[in-house]
Amino acid sequence: MTRIRLTNTRTRRKEDFTPIDPTDVRLYLCGPTVYDRAHLGNARPVLVFDVLVRLLRHVYGDDAVTYVRNFTDVDDKINAEAQRRKEAGSPLPLEALIAERTEETIAWYHADMDALGALRPDHEPRATGYIPQMIAMIETLIAGGHAYAAKGHVLFDVRSYPDYGKLSGRSVDDMIAGARVEVAPFKRDPMDFVLWKPSSDDLPGWDSPWGRGRPGWHIECSAMSAELLGDSFDIHGGGIDLQFPHHENEIAQSCCAHPQASFANVWLHNEMLQVEGKKMSKSLGNFFTVRNLLDQGVPGEVIRFVFLMTHYRKPMDWTEAKRQEAEATLRKWRDVTRGAEAGQPSSALIEALADDLNTAGALAALHDLAGRGDAERLLASAQMMGLLTDQLGAWSTDDEELGAIIMRIALERRAARKAGDYKKADEIRALLEAAGVKLMDTASDNIAWQRSSNFDPEAIKAIE
RNA sequence: GGUGGGUUGGCGGAGAGGUUACGCACCGGAUUGCAAAUCCGUGAAGACCGGUUCGAUUCCGGUACCCACCUCCA
């Protein structure tokens, strides 16, 4: 059996992966808060876990993996958007506006991640569907002396959990020293965090032993992972920015509520995304969503390829140059594999992926297969990484009408060449090239052409 | 201030204490009416300063610079 190695944030080491139950490998990925379109950075953990799940299914079997990714649909940003619509004159009640917002955002998210070739998880729980489990867990924490109610809130008592801070390598005292923490007067310790908070009448709320209120951010993941994967499961992940406080708090809640269990054995964290060397932020004007890229005509498969070029534990830079390189490589590989049947994935590829998801190394294995013209294995291996799938291939097949136009122009050029009129032949070639079509003369006299990055259908039509 | 990570050839980007990463670009050759594509081939690296070692880009320490987190954030 393939030995999978993963870098575990909890131990800060690359370790052999040993599932709790090889017939049911269980993973949890922190999913989006559904208040707006997914930005490009949101795609990174999704793609990391997508490759991981494909690898685990390959090694342990298609039915031996359970993948959970949540939707956070209780959040003040969602409430704010609903409030905005209400104030803009919507006749719907606030609860309906909130539901409307989360529903449309989830549909966008699905569409955008589908476009990147990411497999849907086995379960996509929503926080609002697990409120009773959260309340039960909070009651357990209070009973165990790890949480306390104060002024309609329930807070987790970080001093009650000696390992608090272990995941992120901080001590409670260090954090207090330098942090700008909001210190509510009813907190026993400034680092105590909210498990439950009261809701005013204009906010969504649920009845609880502490009055009408809503859960804090972190408790949902603890409750939902326990419900769907058990108190102990294999892998938990997300962006490195979630390491603290979100994952630290999840560990505190889950381990105190289930002291006999291990919670997540392996913690995987991906590094952040940059754009042209800078942090993606609204103020720098380089903030964009997955949908923005798709709408600009960047195929989802190209976006996926660019992400896979960089190891998940390193900062990844989205650049125009990479986009072009990815597109050119994919076109070449799609040409090589056109009409081929998928064979067996190469062992070099599996080994690269099994070595802490070394997707860059795996792409090198694909380059090797392409170079040797091994179309069957290239196809199977690329598909292991979610590339060269039928689902993602539409962008690389050309419009028939346009193809016919190009063919007619190319035939005219061929006639000119045959007649020895190289001046005319070269002119036609230059015109096509300016419109993004590269012509290639072949020995067999067939017409062959490729698009380049400046491909422009209107310009091509204008030539004829 | 605290914590964590990074610095590899023109660019992107991996692994490994000693043997070619790989891709793109470049250069040389084959091929071509000329190109393109393709094939063959040559170059080119590991921030800086020390240490360990027969040998370090790879391990350890220090310095510089960069980034992230500590506040909603994947």
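Being a predicted model, the structure only gives us computed values, none of them experimental. Each chain gets a letter, A, B and so on, in the order the sequences are listed, and its residues count up from 1.
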Phosphate OP1/OP2 of [N] contacted by [X] side-chain N/O (<4.0 Å):
X        : N      : result
A:Thr329 : B:rG23 : no
A:Lys314 : B:rU8  : no
A:Trp449 : B:rA37 : no
A:Lys438 : B:rA35 : no

Of the listed nucleotides ([options]), which one gets closest to any side-chain atom of [X]?
X        : options                : value
A:Lys332 : B:rG4, B:rA74, B:rU38  : B:rU38
A:Arg413 : B:rA14, B:rC34, B:rC24 : B:rC34
A:Ala364 : B:rC70, B:rA74, B:rA21 : B:rA21
A:Lys77  : B:rC34, B:rC70, B:rC72 : B:rC72

For nucleotides [N] and [M], find the distance between their [atom1] atoms and express it as a whole number of Å.
N      : M      : atom1 : answer
B:rG4  : B:rG15 : C1'   : 23 Å
B:rG5  : B:rG10 : P     : 28 Å
B:rG50 : B:rG55 : P     : 16 Å
B:rC24 : B:rU31 : P     : 23 Å
B:rU52 : B:rG9  : C1'   : 28 Å
B:rC59 : B:rG46 : C1'   : 15 Å
B:rC49 : B:rC27 : P     : 33 Å

Side chains of [X] and [Y]: closer than 4.5 Å at any heavy-atom pair?
X        : Y        : value
A:Leu387 : A:Leu392 : no
A:Asn8   : A:Trp267 : yes
A:Pro32  : A:Phe71  : yes

Partner nucleotide of [N] by Watson-Crick or wobble geometry (both distances under 3.5 Å):
N      : value
B:rA47 : B:rU63
B:rA16 : none
B:rU71 : none

Check the pair A:Gln450 / A:Arg331 against side-chain contact (heavy atoms from CB on, under 4.5 Å), numbers first and verdict last. CA-CA 9 Å; A:Gln450 279 183 355; A:Arg331 281 195 187 285; over 6 Å; no
Report yes or no: does A:Arg69 contribute a side-chain atom to a donor-acceptor pair with the main-chain N or O of A:Gly31 at less than 3.5 Å? no
For A:Gly238, report the nucleic acid contact type (base, sugar-phosphate, nothing); a contact means any heavy atom under 4.0 Å. sugar-phosphate
Base, sugar-phosphate or nothing for A:His39? Non-hydrogen atoms, less than 4.0 Å. base
Polar side-chain contact [X]-[N] base: donor and acceptor under 3.5 Å:
X        : N      : value
A:Arg429 : B:rA36 : no
A:Asp426 : B:rG33 : yes
A:Asp441 : B:rA35 : yes

Spacing between A:Glu250 atom CD and B:rA74 atom P, to the nearest angstrom: 13 Å
